[in-house]
Amino acid sequence: MSRAHIHLAPGLPEDGGVVSGMRSNCDLAIFIDLRRALNDRIPFYFSTNQVILTPGNEEGVLPPKYFQKVLQLKPTRSLLPLV
């Protein structure tokens with residue numbers, strides 16, 4: 001598969017509005033500091049099915065400095081430390 005963008009979801013699977021962008025069986029959710037990424041000129045787009053897309057930085061990644069928090073979803077829900 002050759003995707004040109006990183007796919008993000010606007011919420012968690014149980015939020016009900018998440019149709020695409022996140023699998024219902026995922027174990028981890030990473031929340032992005034969108035304001036910080038946008039201030040650093042990382043572009044974001046909404047697809048027609050409400051997936052948030054980004055090409056990331058010039059290397060095609062979204063660096064951890066934009067991670068706001070990491071939430072373990074399974075087997076039990078808990079915040080993980082950002083190191």
Measure across Ala37 and Phe44 and return the closest heavy-atom pair with its distance rounded to 0.1 Å.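 Heavy atoms of Ala37 and Phe44 come nearest at CB-CE1, 3.6 Å.
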Which heavy atom of Lys74 sits nearest a heavy atom of Gln72, and at what distance?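 Lys74 and Gln72 have their closest heavy atoms at O-CG, 3.3 Å.
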Heavy-atom check, side chain of [X] versus side chain of [Y], under 4.5 Å:
X: Tyr66; Y: Ile42; value: yes
X: Gln68; Y: Arg36; value: no
X: Arg77; Y: Leu12; value: yes
X: Ile32; Y: Phe67; value: yes
X: Leu80; Y: Leu28; value: yes
X: Ile6; Y: Leu62; value: yes

Residues 51-58, side-chain donor-acceptor partners within the protein, below 3.5 Å, at least two apart:
unit_1 : atom_1 : unit_2 : atom_2 : d
Thr54  : OG1    : Pro43  : O      : 2.6
Thr54  : OG1    : Gly56  : N      : 3.0
Asn57  : OD1    : Glu59  : N      : 2.8
Asn57  : OD1    : Gly60  : N      : 3.2
Asn57  : OD1    : Val61  : N      : 3.2

Interatomic spacing from [atom1] in [X] to [atom2] in [Y] - rounded to 0.5 Å:
X: Tyr45; Y: Leu8; atom1: OH; atom2: CG; result: 13.0 Å
X: Asp27; Y: Leu71; atom1: CG; atom2: CG; result: 11.5 Å
X: His7; Y: Ser47; atom1: NE2; atom2: OG; result: 8.0 Å

Give a yes or no on whether a salt bridge exists between Asp40 and Lys65, defined as a side-chain N under 4.0 angstrom from a carboxylate O.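 The answer is yes: the pair qualifies as a salt bridge.
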